[in-house]
2 protein chains.
Amino acid sequence: MTGRQGPEQRWSVGELARATGLTVRALHHYDDIGLVTASERTAAGHRRYAEADLRRLYRVRALRGLGLSLEEIATVLARDVDDVSALRAVLEGQLAHLDEQAVRVSRLREQVAGLLASLDEGMPGPERFTATLEAISRMDDHYTPAQQDLMARKRTELGPAAIEAMKVEWFGLARRLMGLQAQDVPVDDPRVQEMTKRWDEIGTAFHGGDTAIVAATDAAYEGSKESLNRQLGWPAPGDGPDLVDYVRRAREART
Amino acid sequence: MTGRQGPEQRWSVGELARATGLTVRALHHYDDIGLVTASERTAAGHRRYAEADLRRLYRVRALRGLGLSLEEIATVLARDVDDVSALRAVLEGQLAHLDEQAVRVSRLREQVAGLLASLDEGMPGPERFTATLEAISRMDDHYTPAQQDLMARKRTELGPAAIEAMKVEWFGLARRLMGLQAQDVPVDDPRVQEMTKRWDEIGTAFHGGDTAIVAATDAAYEGSKESLNRQLGWPAPGDGPDLVDYVRRAREART
DNA sequence: GCTACGACCTCACGCGACGTGAGGGTCAAG
DNA sequence: CTTGACCCTCACGTCGCGTGAGGTCGTAGC
């Protein structure tokens with residue numbers, strides 16, 4: 001074991017691992033990247049950690065608990081003088097990052113939940129479900145060249161995954177709105193209002209408020225809605241009232 | 001370019017990349033792992049994607065948008081017959097995973113925000129901030145052997161990062177509660193109530209409702225609060241009313 | 001003195017979903 | 001025949017370690 005007298009006490013990796021709940025491998029890793037280094041080695045090369053190393057390690061452990069990366073922790077602890085501004089900057093960055101993540105996760109959650117709801121309510125042709133997913137994903141095929149350009153730009157801006165997620169969510173909204181419409185639910189019903197609100201949010205995420213683009217989209221939709229509906233497994237327009245009309249009326253009914 | 005007659009159309013990687021917004025490298029990767037393979041190759045080894053490949057790719061893109069891993073997507077698309085149950089299982093797993101993540105992210109957010117608030121309100125000795133972090137992390141040193149055992153078990157159960165995060169959050173709560181107490185804010189104030197609620201949540205996360213452990217913790221706190229307070233940069237007990245007492249009264253004031 | 005055992009050491013691969021070159025062949029247009 | 005866009009196959013880097021593999025060190029018991 002180790003000598004126990006006074007402030008000269010040293011610890012081995014294993015002892016530190018037990019004391020902190022970290023693994024020996026993690027301590028090796030911190031050593032490799034220079035985050036927490038043993039200030040001494042025995043003749044045989046065994047690490048000996050001193051009091052100062054221990055203190056540094058505890059700070060690292062605390063900061064890891066906040067979700068900071070090892071690199072960020074290194075910058076925070078870089079100045080041996082406590083540099084509050086560096087810490088504040090890193091924490092603010094982390095806060096922003098967490099907010100982003102929270103939005104992403106809750107969006108994804110809604111989208112997956114919506115799709116599951118569609119499944120439970122007996123989608124049009126559940127046995128063709130992935131075929132429907134394919135059709136949703138290929139909606140772009142019906143767009144005009146200008147719209148496809150817009151989509152391409154948005155895709156590089158937001159990433160393909162985000163675009164696809166919004167399309168799937170839009171599909172789920174449309175399907176559930178059609179259900180409500182079929183039951184003659186009034187357009188000022190809170191469910192209808194909430195769903196059309198999200199519908200429009202998705203819309204603005206694409207066209208960014210440019211009304212010319214909205215008009216072009218509507219025109220393109222009019223031109224190709226027959227084949228689009230067929231591919232999505234939806235009733236042909238004319239078989240019932242128009243969903244777009246329902247959404248428009250809901251929009252107008254907003255306070 | 002490519003021949004354009006009929007259903008025999010073939011696409012190159014680049015064409016598919018442009019059409020889907022994915023990168024050529026991603027398509028290569030999908031090929032490597034066998035997720036989407038080009039059904040033909042030219043004599044020179046160039047990939048030629050057929051209609052069926054294209055359709056599969058669109059499904060993959062849609063499912064990626066929901067945050068599924070490539071492996072999960074592979075299992076969903078494994079049965080060429082649409083297997084709704086497989087999809088449902090994967091989506092439910094994803095939903096659970098997203099819920100977990102949402103909790104984690106919002107917890108972390110609160111913890112980081114609380115720490116930033118502490119910084120802004122001029123922590124006790126902001127120039128010693130990381131030293132304070134170290135002290136928080138080393139609170140365990142003051143525990144009895146039995147408590148340290150408990151902590152060790154919790155650490156393997158929840159991971160060291162989660163433990164540290166809770167300690168930091170607890171510290172932030174204590175600091176802000178002391179501020180409210182100093183202003184004689186009554187214990188039924190909603191802010192006090194919310195903070196003591198979270199205080200107790202953190203407590204139960206450790207002791208799991210075992211009152212014997214709570215009693216032991218209180219006893220240990222009584223024994224070592226002097227040195228603990230000194231290390232955290234807090235006023236010695238006796239300099240003012242006791243925070244633990246304030247929390248207890250808030251707890252009793254619950255409806 | 002020998003042996004066992006535990007703790008320590010240094011490589012080095014693996015994960016997930018690609019990004020990013022390096023170093024070459026292929027192909028249609030001019 | 002050249003040019004330039006496109007294609008190919010390695011192969012390493014990312015992040016924070018987990019998980020062996022194969023060997024050394026140190027002490028306690030026989």
Side-chain angles (χ1 to χ4, degrees), chain A residues 1-3 10-38 40-49 57 60-61 63-75 94 97 101 104 155-156 159-162 164, chain B residues 1-4 10-38 40-49 57 60-61 63-75 90 94 97 101 104 155-156 159-162 164:
Chain A
M1 279 296 146
T2 332
R10 298 294 134 102
W11 293 266
S12 69
V13 259
E15 288 166 341
L16 237 64
R18 263 183 312 257
T20 58
L22 302 169
T23 65
V24 171
R25 179 63 177 100
L27 293 175
H28 282 176
H29 184 57
Y30 294 168
D31 196 353
D32 287 348
I33 64 174
L35 182 57
V36 179
T37 319
E40 286 180 21
R41 295 273 189 145
T42 68
H46 290 195
R47 281 163 248 259
R48 307 269 88 186
Y49 290 89
L57 180 58
V60 168
R61 187 177 71 160
L63 291 167
R64 276 254 68 194
L66 298 173
L68 300 183
S69 72
L70 298 184
E71 195 180 349
E72 288 167 327
I73 294 175
T75 68
Q94 175 72 348
H97 178 233
Q101 264 212 287
R104 265 203 34 240
R155 229 194 296 272
T156 58
E164 293 311 303
Chain B
M1 281 291 145
T2 333
R4 298 243 165 197
R10 297 295 133 104
W11 294 267
S12 68
V13 260
E15 287 166 341
L16 238 63
R18 251 162 315 182
T20 59
L22 302 169
T23 65
V24 171
R25 179 64 178 99
L27 294 174
H28 282 176
H29 184 56
Y30 295 168
D31 196 352
D32 287 348
I33 64 176
L35 182 58
V36 179
T37 320
E40 286 180 22
R41 295 271 189 146
T42 68
H46 290 195
R47 283 165 247 262
R48 305 269 88 187
Y49 290 91
L57 180 58
V60 169
R61 187 178 71 162
L63 291 167
R64 276 252 68 197
L66 298 172
L68 299 182
S69 72
L70 297 184
E71 195 179 349
E72 288 167 326
I73 294 174
T75 70
V90 168
Q94 175 72 349
H97 179 234
Q101 264 211 287
R104 268 204 31 243
R155 230 194 294 271
T156 59
E164 293 311 304

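Protein chains get the first letters and strands the later ones, always in sequence-line order, with residue 1 at the start of each. Quick caveat: nothing in here was measured; it's all calculated off a predicted structure.
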Inset, instruction - Say whether, by atom type as modelled, one donor and one acceptor occur between the side chain of B/E164 and the main chain of A/R64 under 3.5 angstrom. - result: no
Inset, instruction - Measure from the side-chain heavy atoms of B/R64 and tell me the nearest of C/dA17, D/dC8, C/dC27. - result: C/dA17
Inset, instruction - Starting from P on C/dA7, measure out to CG on A/L16 and report it in whole angstrom. - result: 15 Å
Legend entry - Interatomic distance where CD belongs to B/E72 and P belongs to C/dG16 [whole Å]: 11 Å
Legend entry - Separation of D/dG26 P from A/R48 CZ (nearest whole Å): 10 Å
Legend entry - 4.5 Å side-chain heavy-atom contact, B/H29 and B/I33: yes
Inset, instruction - Give the rounded distance in Å between these two atoms: NE2 of B/H97 and P of C/dG16. - result: 13 Å
Legend entry - Nearest-0.5 Å distance, NE2 of residue A/H97 to CD of residue A/Q101: 4.5 Å
Inset, instruction - Kindly say if A/R47 contacts the phosphate of C/dC9, meaning a side-chain N or O under 4.0 Å from OP1 or OP2. - result: yes
Inset, instruction - Please check the phosphate of C/dT26 (OP1 and OP2 only) for any side-chain N or O of B/T42 closer than 4.0 Å. - result: no
Legend entry - Length of the CD-P vector between B/E15 and C/dA28, whole Å: 12 Å
Legend entry - Contact residues, residues 22-35 of chain A to DNA chain D [heavy atom, < 4.0 Å]: A/T23, A/R25, A/A26, A/H29, A/Y30
Inset, instruction - Would you kindly compare B/L70 and B/H46 by the position of their nearest DNA chain C nucleotide and give the one closer to the 5′ end? - result: B/L70
Legend entry - Bend angle of the helix from C/dG1-D/dC30 to C/dG30-D/dC1, from helix axes over five pairs at each end, nearest 10°: 40°
Inset, instruction - To the nearest 0.5 Å, tell me how far B/T37 OG1 sits from B/D32 CG. - result: 9.5 Å
Legend entry - Note, B/L57 side chain near B/Y49 side chain (heavy atom, < 4.5 Å): no
Inset, instruction - Report the distance from atom CZ of A/R41 to atom P of C/dA7, rounded to the nearest whole Å. - result: 19 Å
Inset, instruction - Kindly write out the residues that satisfy side chain to side chain donor-acceptor pair (under 3.5 Å) with A/E72, not counting sequence neighbours, or none if the list is empty. - result: A/S69
Legend entry - Validation row: B/R47, B/D31 side chains within 4.5 angstrom (heavy atoms): yes
Inset, instruction - Could you check which of D/dC7, C/dA7, C/dC9 has an atom nearest any side-chain atom of A/R18? - result: C/dA7
Legend entry - Side-chain touch B/H28/B/V24, heavy atoms, less than 4.5 angstrom: yes
Legend entry - Pairwise side-chain contact, A/E15 with A/R10, heavy-atom cut-off 4.5 Å (strictly under): no
